[in-house]
Amino acid sequence: MFFSKNKKRLLTPGRFAVILLGTAISSFGIYNIHRQTHITEGGVLGLILLLNNWTGISPSLLTPLLDILCYALAFRYLGKDFIKVSLVSTLSLAGFFKLWEQFPPVLPDLSAYPLAAAIAGGLFVGIGVGLIIRQGASSGGDDALALIISKLAHCRISIVYLATDITVLLLSLTYIPIGRIAYSLVTVTISSLLIERVQMLGAGSQAKKAPIPALEALEKDLSSN
């Protein structure tokens with residue numbers, strides 16, 4: 001079970017609340033900025049937008065499908081505790097996508113100002129995903145997918161993230177002009193830097209958080225690559 005009386009609770013109410021906040025912020029930015037302006041993200045988030053454009057399938061359905069597929073492939077590496085917590089963020093992200101889709105975009109259309117859209121989109125995704133990762137969860141299947149590729153290709157995880165982001169951006173050229181892809185690189189860079197910054201904020205208080213053993217094992221595993 002997620003909520004436990006054990007001292008090492010897998011998912012505390014506070015952690016759950018922050019994960020909800022993070023998924024709300026990131027999905028809000030993707031729906032109100034990225035989808036309006038055709039500026040995309042890399043990784044699974046970018047793949048969701050790509051498949052949404054190709055197939056018309058709602059991100060609220062694509063999000064859990066892609067994430068669960070990635071988690072299933074990487075189960076042996078991540079362990080059940082990490083995946084349980086990450087499934088909470090996956091379902092939460094899908095739920096917020098479904099919620100935002102019930103309303104028209106509430107932010108101004110920044111299509112005429114692509115640089116502003118790239119910066120704003122990067123801020124929403126960076127802050128939202130950073131909050132999720134701080135809680136020992138995955139923001140999506142990116143982490144699982146990157147770990148699989150890293151193991152099979154015997155290369156550093158940072159190189160895998162870069163390669164998957166670039167691959168998704170290149171595929172996105174099928175529906176996004178090359179000029180917009182350049183702005184997408186801006187938003188990917190901003191979000192990546194913010195994710196790391198938010199994750200490190202208040203690092204001194206990390207000891208007060210309930211640990212996720214699987215995440216600690218994953219970090220040790222990645223550092224050995």
Side-chain angles (χ1 to χ4, degrees), residues 2-3 11 13-71 83-114 116-135 137-144 168-169 171-172 174-177 180 183-184 187-188 190-191 194-195 198:
F2 288 164
F3 293 98
L11 188 62
R15 174 174 279 150
F16 181 72
V18 176
I19 290 175
L20 287 181
L21 177 61
T23 53
I25 292 173
S26 58
S27 60
F28 182 86
I30 292 171
Y31 178 72
N32 284 278
I33 298 175
H34 290 83
R35 286 182 65 180
Q36 282 197 91
T37 60
H38 293 296
I39 291 176
T40 189
E41 273 283 336
V44 170
L45 289 176
L47 189 58
I48 289 169
L49 293 172
L50 176 66
L51 293 177
N52 171 247
N53 183 268
W54 280 359
T55 67
I57 299 175
S58 168
S60 64
L61 295 176
L62 290 171
T63 297
L65 286 176
L66 290 176
D67 286 348
I68 290 173
L69 176 61
C70 291
Y71 294 146
I83 291 177
K84 281 181 180 180
V85 178
S86 295
L87 282 177
V88 172
S89 60
T90 292
L91 296 176
S92 174
L93 189 65
F96 277 112
F97 269 129
K98 190 66 176 178
L99 174 63
W100 306 140
E101 287 175 343
Q102 306 309 307
F103 308 95
V106 299
L107 297 181
D109 187 350
L110 297 175
S111 297
Y113 309 96
I119 294 172
L123 290 174
F124 274 102
V125 172
I127 293 172
V129 173
L131 289 173
I132 297 168
I133 292 178
R134 279 198 69 195
Q135 306 312 306
S138 168
S139 60
D142 304 63
D143 300 324
V168 171
L169 291 179
L171 288 173
S172 299
T174 58
Y175 77 103
I176 297 178
R180 295 283 170 168
Y183 289 112
S184 295
T187 201
V188 166
I190 291 174
S191 62
L194 262 179
I195 288 170
V198 172

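All heavy atoms count here, side chains included; hydrogens, waters and symmetry mates do not.
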Exercise for the section: Go through the steps for Leu66 and Ile48 under the test side chain to side chain contact (heavy atoms under 4.5 Å, CB included), then give the verdict. Expected result: CA-CA 8 Å; Leu66 290 176; Ile48 289 169; 3.8 Å; yes
Handout entry: Derivation and outcome, side chain to side chain contact (heavy atoms under 4.5 Å, CB included), residues Val85 and Ile19
Key = CA-CA 9 Å; Val85 178; Ile19 290 175; 4.0 Å; yes
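With a 4.5 Å cut-off on side-chain heavy atoms, Val88 and Thr23 do not count as touching. Contact annotation: the side chain of Pro105 never approaches that of Arg35 to less than 4.5 Å [non-hydrogen atoms, C-beta and beyond]. A 4.5 Å side-chain heavy-atom check between Leu62 and Asn52 finds at least one atom pair inside the cut-off. In this structure, the side chains of Ser89 and Gln135 stay at 4.5 Å or more apart for every pair of heavy atoms.
A pairwise comparison of heavy atoms in Phe97 and Ser27 identifies CE2-O, 3.9 Å as the closest pair. Nearest heavy-atom pair across Thr174 and Leu50 is OG1-CD1, 3.9 Å. When all heavy atoms are compared, the tightest approach of Val125 to Ser191 is CG1-CB, 4.0 Å. Nearest heavy-atom pair, Leu20 versus Ser92, reported as atom, atom and distance to 0.1 Å: CD2-OG, 3.2 Å. In plain terms, the two heavy atoms of Ala117 and Ile33 that are nearest each other are O-CG2, 3.5 Å. Minimum heavy-atom separation, Phe103 to Tyr31: O-OH, 2.7 Å.
Checked against the 6.0 Å centroid threshold, Tyr175 and Trp54 do not count as a close aromatic pair.
Looking at Ile176, Leu49, Thr187 one by one, the single match for side-chain contact (heavy atoms from CB on, under 4.5 Å) with Ile39 turns out to be Thr187. No option in Leu21, Leu93, Leu131 other than Leu93 meets the side-chain contact (heavy atoms from CB on, under 4.5 Å) test with Ser26.
For the atom pair CG (Leu65) and OG (Ser60), the distance works out to 9.5 Å, reported to the nearest 0.5 Å. In this structure, CD1 on Ile30 lies 12.0 Å from CD1 on Ile25, to the nearest 0.5 angstrom.
Every residue two or more places apart in sequence or in another chain was checked for a side-chain hydrogen bond (donor to acceptor under 3.5 Å, both in side chains) with Gln36, and none qualifies.
Aromatic ring orientation, Phe124 versus Phe28: tilted (interplanar angle from 30° to 60°).
Among residues at least two apart or in separate chains, there is no side chain to side chain donor-acceptor pair (under 3.5 Å) pair with a member in residues 120-132.
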